[in-house]
2 protein chains.
Amino acid sequence: MRPATLEQMRDQLAKQHGALSRRLKEVGEYVDGNPQSMALDTAAEIAKKAGVHPSTLVRFANHFGFSGFTELQKLFKDDIQRNYSDYGQRIQRQQRSRGEGAVSPSQLLDEFTRANRLSLNKLSDGIDPQQLDLAVGLLDRSPSIHVCGVGRAFPVSMYFAYALGHMQVQCHAINGLGMMQDAQANCIARNDVLIAITFSPYSEITQSIINTAFDRGAKVMLIAGEESCPSAAKAEVILTVKDAEVRSFRSLTSTMCLAQTLCIALGYRRQAGAWEDTARQANSAA
Amino acid sequence: MRPATLEQMRDQLAKQHGALSRRLKEVGEYVDGNPQSMALDTAAEIAKKAGVHPSTLVRFANHFGFSGFTELQKLFKDDIQRNYSDYGQRIQRQQRSRGEGAVSPSQLLDEFTRANRLSLNKLSDGIDPQQLDLAVGLLDRSPSIHVCGVGRAFPVSMYFAYALGHMQVQCHAINGLGMMQDAQANCIARNDVLIAITFSPYSEITQSIINTAFDRGAKVMLIAGEESCPSAAKAEVILTVKDAEVRSFRSLTSTMCLAQTLCIALGYRRQAGAWEDTARQANSAA
DNA sequence: ATTGATTTGGAATATATATTCCAATACTAT
DNA sequence: ATAGTATTGGAATATATATTCCAAATCAAT
């Protein structure tokens, strides 16, 4: 049965690896470890790099049900076609040249979805796995979590409040109800965690809350637009997100995605096992 | 001076675009917008897709200093070689750094970003442009806008409140302060618009607010998970969004993206011209 | 309208690439 | 050790692809 996707091909590689001949094993290892080359190089180049003869490569492809090398290569090309975005793609320039006069809403939607997909790409590659681990560890060890984000960051803080609340994680939103953000910040205790979401131009209110938390011995987790944000020195961990910016308007999709990841990762860490069933039940009315 | 990287090539494209002949302009636009194809396809395939003759493509490459198409194509291949990694490769890397079994935060991040990118893809294709136009028109004509979303939808309603507020658009959030959502809903006037964001299992509170608005002669704009949601009959316009769902957890990125699109489209409709400069100034502290 | 310059697209040509076939080599079972 | 089977690599062949050349078409200036 010939694999139809790169993912299926990887499955078959894993399953059939033991039964392959010596040379075909070598090809399999190269194929598994070099998807770019598999898509971009010629059969002769690949064979040379893998240390085998071109006809061995063709026989490898035939073994898995492909009619030849070209058909195998197509799997790799398709994956790139679907998932690769060139970071330098300048959506803004392109759209400006097209967008004279009236701008239609669906044209805007197109621009925004494209830009946000690029931004999500960057997010996945740009976040240091160790910082992420650190962040989740911090949350896991905290007696109590406080979350603060104002202006454009406010929806993100509300998402944290929603998601963590649903996990029976103690989470307090510093939401400025009755302009009482200072009173809310004064509830932060030693060893608590403050999640502070902050973007340029950096809010003085958020900075003030960070200072309070820091002074009270809490750990600060920063989600920020840049590493060099004003409160960086006070943070235990900084996760930087560059959300999409289209026609001068900044999005929130990547930050929301990161927020969700943090919450769910924390859930996994605290309640290994029946966790997903709990989530299914906990999809609250909205 | 022949460009050595894809980024340099883009610079040259921007600089020299105006001075190109008609056909070479067309090639330039295709080259700029289709880096995957430029790397993966043959000269003949690319020429066909771009609507030009293969020799035009070669002349294009020559114009920018390349000896031929193959040399130009190499820029695109090099970029993929450097920046693309497929899902299976990323999983391998993460497992290597972390070991088996436990779900790592960065693995989760990868899953979420992938799923959300797909969801954004579907959003762009799934929204009927006429419904979108209708929605923006509705907002444009409204004396006043009210926005309501509870639970997971609350961050979206707060985003509307933030964005519209910054455009000097009169927007009232029905946020349940002091459990006073009914009092807030009673401020809805005839011909106002209620934006209601609601997902399954559908909130009775949101439905009740929709009913109130409808009874008071307001227009209801629904952003919902399905067309067949309970309050559909009361809506002037329905925009449906299927947000990503990963391991039973639902995201919000596509809904946020749609919200942003609606707000910005409204801005464009109301203030053609110096609108983007206004937006740049209006990036508030967060 | 005419002329000169530039661009274009088609066809021929040169080059590259994938595939097929088979003799030589290696492996396995008796 | 021998025979049968499987694998390999090389060369020939078939196919695909990039490049070059040039007549026709288009454009711009007078």
Side-chain angles (χ1 to χ4, degrees), chain A residues 2-3 6 9 12-13 15-31 34-78 80-81, chain B residues 2-3 9 12-13 15-32 34-78 80-81:
Chain A
R2 195 188 74 192
L6 184 47
M9 181 65 197
Q12 288 304 312
L13 272 180
K15 280 193 188 115
Q16 300 187 34
H17 184 80
L20 297 178
S21 69
R22 206 183 59 166
R23 277 291 189 269
L24 293 195
K25 265 190 176 75
E26 287 174 21
V27 175
E29 281 152 17
Y30 184 88
V31 167
N34 296 278
Q36 297 97 332
S37 170
M38 285 304 293
L40 301 170
D41 292 342
T42 62
E45 286 168 338
I46 290 163
K48 188 169 180 183
K49 287 176 181 175
V52 302
H53 197 268
S55 57
T56 305
L57 192 56
V58 174
R59 276 189 289 106
F60 178 87
N62 290 339
H63 173 93
F64 287 92
F66 300 97
S67 63
F69 166 76
T70 303
E71 214 179 30
L72 168 64
Q73 189 177 47
K74 192 165 183 310
L75 288 196
F76 294 87
K77 285 183 172 180
D78 285 348
I80 289 180
Q81 187 65 55
Chain B
R2 193 189 75 190
M9 181 63 196
Q12 288 306 310
L13 272 181
K15 281 195 187 111
Q16 299 186 34
H17 185 78
L20 297 178
S21 71
R22 205 183 61 167
R23 277 289 189 274
L24 292 195
K25 266 190 176 72
E26 288 174 22
V27 175
E29 281 153 19
Y30 185 88
V31 167
D32 197 44
N34 298 276
Q36 298 98 329
S37 171
M38 285 303 293
L40 301 169
D41 292 341
T42 63
E45 286 167 338
I46 291 163
K48 187 169 181 181
K49 286 174 184 177
V52 302
H53 197 267
S55 58
T56 305
L57 193 54
V58 174
R59 276 189 289 104
F60 178 88
N62 291 338
H63 174 92
F64 287 92
F66 299 97
S67 64
F69 167 76
T70 302
E71 213 179 32
L72 167 63
Q73 188 177 49
K74 191 165 183 305
L75 288 197
F76 295 87
K77 285 184 170 177
D78 286 348
I80 289 179
Q81 186 66 51

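Any value given below was found using the heavy atoms of this structure, including those in side chains, with hydrogens, waters and symmetry copies removed. Quick note on labels: first sequence line is chain A, next is B, and so on, each numbered from 1.
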How long is the line joining [atom1] of [X] and [atom2] of [N], in whole Å?
X: B:Lys48; N: D:dA18; atom1: NZ; atom2: P; value: 15 Å
X: B:Lys25; N: C:dT8; atom1: NZ; atom2: P; value: 10 Å
X: A:Leu24; N: D:dA6; atom1: CG; atom2: P; value: 14 Å
X: A:His53; N: C:dT19; atom1: NE2; atom2: P; value: 14 Å
X: B:Gln73; N: C:dT15; atom1: CD; atom2: P; value: 19 Å
X: A:Lys77; N: C:dA18; atom1: NZ; atom2: C1'; value: 12 Å
X: A:Asp41; N: C:dA16; atom1: CG; atom2: C1'; value: 14 Å
X: A:Asn62; N: D:dA6; atom1: CG; atom2: P; value: 16 Å

Is [X] close enough to [N] that one of its side-chain N or O atoms is under 4.0 Å from OP1 or OP2 there?
X: A:Thr70; N: C:dT19; result: yes
X: A:Arg23; N: D:dG9; result: yes
X: B:Ser55; N: D:dT19; result: no
X: A:Arg59; N: D:dT8; result: yes

| request: Answer yes or no: is there an ion pair linking A:Arg23 with A:Glu26, defined by an N-O contact shorter than 4.0 Å? | output: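 The answer is yes: the pair qualifies as a salt bridge.
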
| Taking NZ, NE, NH1 and NH2 as the nitrogens, is one of them in B:Glu71 or B:Lys74 under 4.0 Å from a carboxylate oxygen of the other? |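 The answer is no: the pair does not qualify as a salt bridge.
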
| query | Going from CD1 on B:Ile80 to CZ on A:Phe76, what distance comes out if it is rounded to the nearest 0.5 angstrom? | reply |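 Reported to 0.5 Å precision, the distance equals 14.0 Å.
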
| query | Any donor-acceptor pair under 3.5 Å joining the side chain of B:Thr56 to the base of C:dG9? | reply | no

| Between B:Lys48 and B:Asp41, does a side-chain contact (heavy atoms from CB on, under 4.5 Å) hold up when you go through it step by step? | CA-CA 10 Å; B:Lys48 187 169 181 181; B:Asp41 292 341; over 6 Å; no

| Pairwise 5' ranking along DNA chain C for A:Thr42 and A:Ser67, keeping only the more 5' one |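 Closer to the 5' end of DNA chain C: A:Thr42.
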
| query | Do A:Glu29 and A:His17 come close enough that some side-chain heavy atom pair is under 4.5 Å? | reply |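 SC-SC contact between A:Glu29 and A:His17 confirmed.
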
